[in-house]
Engineer: 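This is the structure, below, for whatever I ask next.
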Amino acid sequence: MRKTLVLIFFLSGASALIFEALWFRLAGLSLGNSVWSASLVLAAFMGGLALGNGLVARMHERLAHPLRIYAALEFAIGLGGIAVVLLLPQMSGLLGPLLGNLTDTPLLLNAVRLTIAFTILLIPAIAMGATLPVIVHALTRQNPNFGSNIGRLYGWNTLGATLGAFSAELVFVPILGVVSSGLIALVLNLTAAVIALRLSKDIESDATPAPAESTQSGPISWRSRRFLAVAFLSGALMLALEVVWFRFLLLTMPGT
């Protein structure tokens with residue numbers, strides 16, 4: 001089971017970064033090839049991951065069939081991701097008639113456009129964020145070593161993401177185009193979903209799952225809050241650096 005879960009999470013990581021690379025391209029076309037469009041995609045992508053993780057963290061005790069939920073999330077990512085690929089280039093045309101009276105106030109117009117684009121990108125990103133805690137929950141039922149599980153899954157997911165990012169820009173988009181590249185990412189998500197469903201039939205179908213252990217925890221201690229603050233600041237610094245790197249790259253390379 002562990003090897004199968006690692007495989008499907010590898011595919012999920014590749015798909016996620018193919019979609020993100022395509023969103024960067026399309027946001028550049030819709031909003032301008034600037035650090036603002038790059039920041040928008042990054043903020044929506046990472047914000048969605050945070051929201052998805054947080055939602056699962058609140059309801060993890062009720063996840064009776066985590067692999068089925070994971071499969072549903074992969075379907076949602078694939079369909080939501082390809083919907084963004086198809087909708088984002090049409091955004092200016094669709095919003096033009098609605099926002100025409102804001103042309104005299106460009107600051108407000110841009111704020112509305114960025115908010116709408118952010119919301120469109122956020123929806124599939126939330127499903128992406130929910131996949132890690134759900135799949136870790138499924139694997140922890142078989143192997144209670146939480147640290148080992150999350151390290152292995154996240155490592156392979158990140159490796160798949162690296163492959164997906166390079167493949168999108170170096171192979172798929174130049175040869176197949178943006179929409180076909182999005183369809184490849186969709187197929188990867190659907191493949192991961194189907195494998196997870198088949199695995200769930202072998203493991204979860206007979207069953208009434210074992211009753212969840214009582215893990216009621218009290219308020220977060222101040223020691224724990226310090227760890228959370230360190231994680232928060234680390235994430236803020238890393239994404240700020242990434243935006244700075246984008247800005248420097250745009251000085252010397254095409255905005256793709």
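Quick caveat: nothing in here was measured; it's all calculated off a predicted structure.
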Engineer: Side chains of Ile18 and Phe172: closer than 4.5 Å at any heavy-atom pair?
Structural biologist: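 They are in side-chain contact.
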Engineer: Would a 4.5 Å heavy-atom cut-off, applied to side chains only, mark Phe232 and Leu228 as touching?
Structural biologist: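 The answer is no; the side chains never approach within 4.5 Å.
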Engineer: side-chain contact (heavy atoms from CB on, under 4.5 Å) with Leu67: which of Leu5, Val134, Leu197?
Structural biologist: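 Of Leu5, Val134, Leu197, side-chain contact (heavy atoms from CB on, under 4.5 Å) with Leu67 is met by Leu5 alone.
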Engineer: Measuring from atom CE of Met128 to atom CG of Asn157, what distance do you get when rounded to the nearest 0.5 angstrom?
Structural biologist: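 Nearest 0.5 Å value for the CE-CG distance: 10.5 Å.
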Engineer: Rounded to the nearest 0.5 Å, what separates atom CZ in Phe9 from atom CG in Leu153?
Structural biologist: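 So the CZ of Phe9 and the CG of Leu153 are separated by 6.5 Å.
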Engineer: Can you measure from OG (Ser15) to CD1 (Ile8) and round to the nearest 0.5 angstrom?
Structural biologist: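 If I round to the nearest 0.5 Å, the distance is 13.0 Å.
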Engineer: Yes or no on side chain to side chain contact (heavy atoms under 4.5 Å, CB included) for Leu122 and Leu51, after CA distance, side-chain angles and deciding distance?
Structural biologist: CA-CA 9 Å; Leu122 188 67; Leu51 284 171; 4.2 Å; yes
Engineer: If two hydrophobic side chains count as joined below 4.5 Å and joins carry through other members, does Tyr70 share a cluster with Val187?
Structural biologist: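 Different clusters: Tyr70 never reaches Val187 through Ile, Leu, Val, Met, Phe, Trp or Tyr contacts under 4.5 Å.
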Engineer: Set out, in order, the CA-CA distance, both residues' side-chain angles and the distance that settles side chain to side chain contact (heavy atoms under 4.5 Å, CB included) for Leu159 and Phe10, then state yes or no.
Structural biologist: CA-CA 7 Å; Leu159 186 62; Phe10 176 87; 4.1 Å; yes
Engineer: Side-chain donor-acceptor pair under 3.5 Å between Ser12 and Glu74, yes or no?
Structural biologist: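 Yes, Glu74 and Ser12 have a side-chain donor paired with an acceptor closer than 3.5 Å.
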Engineer: Between Phe19 and Phe24 (judged by ring centroids, cut-off 6.0 Å), do the two rings come close enough to count as a pair?
Structural biologist: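 When the ring centroids of Phe19 and Phe24 are compared, they turn out to be at least 6.0 Å apart.
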Engineer: What do the steps show when you test Leu17 against Thr162 for side chain to side chain contact (heavy atoms under 4.5 Å, CB included), and what is the final call?
Structural biologist: CA-CA 7 Å; Leu17 264 289; Thr162 304; over 6 Å; no
Engineer: Among Leu42, Val41, Ile120, which one satisfies side-chain contact (heavy atoms from CB on, under 4.5 Å) with Trp23?
Structural biologist: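 The residue from Leu42, Val41, Ile120 that satisfies side-chain contact (heavy atoms from CB on, under 4.5 Å) with Trp23 turns out to be Val41.
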